[in-house]
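As structure tokens, the structure follows; a few thoughts come after it.
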2 protein chains.
Amino acid sequence: MNVEEIIKTDKKMELPSKTVIHLMLVSNKVNETINATLKPFDVSIQQFNVLRILRGQCGKPANLKTLNERMVTKMSNTTRLVDKLILKGYVKRKTCETNRRKIEIYITTKGEKALSSMDIAMNKNDKHIVQNFSEEELEYLNVLFNKF
Amino acid sequence: MNVEEIIKTDKKMELPSKTVIHLMLVSNKVNETINATLKPFDVSIQQFNVLRILRGQCGKPANLKTLNERMVTKMSNTTRLVDKLILKGYVKRKTCETNRRKIEIYITTKGEKALSSMDIAMNKNDKHIVQNFSEEELEYLNVLFNKF
DNA sequence: ATTAAATTTTTGTTAAAAAAAGAGTTTGTA
DNA sequence: TACAAACTCTTTTTTTAACAAAAATTTAAT
């Protein structure tokens, strides 16, 4: 992937702008491979992320707000995103007893199993995506990412 | 932005997976700022990109296929994306005389003017996004991006 | 010259995302 | 208690994207 080649005509581009465009190109490319990887499982990236977050809760439920803070999508969409996961039987929803505004969301056994097989495919894809990096480069890339 | 903090619970995550997630978080964050920056101008990121590509053509028209090769979206949507820009008076469409399958797309003077003011806002935003980076770090980040 | 194939763009349909407004619940304060 | 404000979630509406298929034109082959 080479930005210069893709953004041929704008020669006078400053480094910050170039970097941002480059970032977008990279993330679009990566996103495509992730979508393709998850396609056989019939879940979106966001749905996959929710499942992972729920598993990370280790039995403890997560409410919508928590999910949202750890995710990218907008609150209003999280509701329906969870709806879809419920339809698939991957998660369960239950109103919190101590604060009835809150909705507690759990991953089901079925959800955990599905997630396991997704993980295998995703891990393979992740490795493929960064195959041109050495371990040191990856470590440093993560350090740089923290500066955003 | 710190992944560890956001993906708290998954301790056993491998470096490639961690990096990919980190990338997604960063690009989502950056995307949000870009959307916010363009919002006052009432154009989407994609529309902005089309305008930039057209300006880069230096008077020469671009057809839909060319636009598409330099963009992310699907062909079928590029048609409608250009429709929106025409409605705003930012671009013009004209069928090619030598090959009437082709549609030539030009940026208008109004479009160029609008784009100029977007550029100022976007450049400012780009600089803000990478404010924590030194120039060397940015250069190296671009080198690393080329490895994807 | 006709027909088949390829190219370029558009249209229609469906699903997903963004934005804004709304409903129910709790908390704090007078 | 009562009332306002804050919190959490849902609903509705509008945009945008994805996918499949069709339309229009050109190219190539027989």
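Bear in mind that the values here come from a model prediction, so they are computed numbers and not experimental data. Letters go in sequence order (proteins before strands), and every chain restarts at 1.
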- Kindly check if the number of other-residue, nucleotide or ligand heavy atoms within 6.0 Å of NZ (A:K92) is above 12? no
- Query: Are more than 12 heavy atoms from other residues, nucleotides or ligands located less than 6.0 Å from atom CD of A:E135?
  - Reply: no
- What is the nucleic acid contact for A:N63, judged by heavy atoms within less than 4.0 Å: base, sugar-phosphate only, or nothing? sugar-phosphate
- Touch check for B:N77, heavy atoms < 4.0 angstrom, all strands: base, sugar-phosphate only, or nothing? base
Mind calculating the distance between [atom1] ([X]) and [atom2] ([N]) to the nearest angstrom?
| X | N | atom1 | atom2 | result |
| --- | --- | --- | --- | --- |
| A:N35 | C:dA17 | CG | C1' | 14 Å |
| A:N68 | C:dA17 | CG | C1' | 13 Å |
| A:L67 | D:dC9 | CG | P | 9 Å |
| A:L64 | C:dT25 | CG | P | 16 Å |
| B:N49 | D:dT16 | CG | P | 14 Å |
| B:N99 | D:dA28 | CG | C1' | 15 Å |
| B:I45 | C:dA17 | CD1 | P | 15 Å |

Please determine if [X] and [Y] form a salt bridge, counting it only when a charged side-chain N lies under 4.0 Å from a carboxylate O.
| X | Y | result |
| --- | --- | --- |
| B:E112 | B:R55 | no |
| A:E104 | A:K60 | no |
| A:D83 | A:R93 | yes |

- Note on the structure: Whichever of B:T98 and A:K102 has the more 5' nearest nucleotide on DNA chain D, that residue is A:K102
- Query: Quick one: on DNA chain D, does B:E97 or A:M75 contact a more 5' nucleotide (nearest heavy atom)?
  - Reply: A:M75
- Does anything in residues 78-96 of chain B reach DNA chain D, meaning a heavy atom under 4.0 Å, and if so which residues? B:R80, B:K84
Of the candidate nucleotides [options], which contains the atom at the shortest distance from the side chain of [X]?
| X | options | value |
| --- | --- | --- |
| A:K74 | D:dT10, C:dA18, D:dT16 | C:dA18 |
| B:K39 | C:dA20, D:dC9, C:dT10 | C:dA20 |
| A:K65 | C:dA17, D:dT8, D:dT26 | D:dT8 |
| B:R101 | C:dA17, C:dT8, D:dC9 | C:dT8 |
| B:S76 | D:dA18, C:dT11, D:dT10 | C:dT11 |

- Task: Determine: side-chain N/O of B:R100 to OP1/OP2 of D:dT26, distance under 4.0 Å, yes or no.
- Result: yes
- Item | Partner of B:I45 under side chain to side chain contact (heavy atoms under 4.5 Å, CB included), chosen from B:N31, B:V50, B:T37 | B:N31
- Task: For residues A:F48 and A:F41, establish whether the separation of their ring centroids is below 6.0 Å.
- Result: no
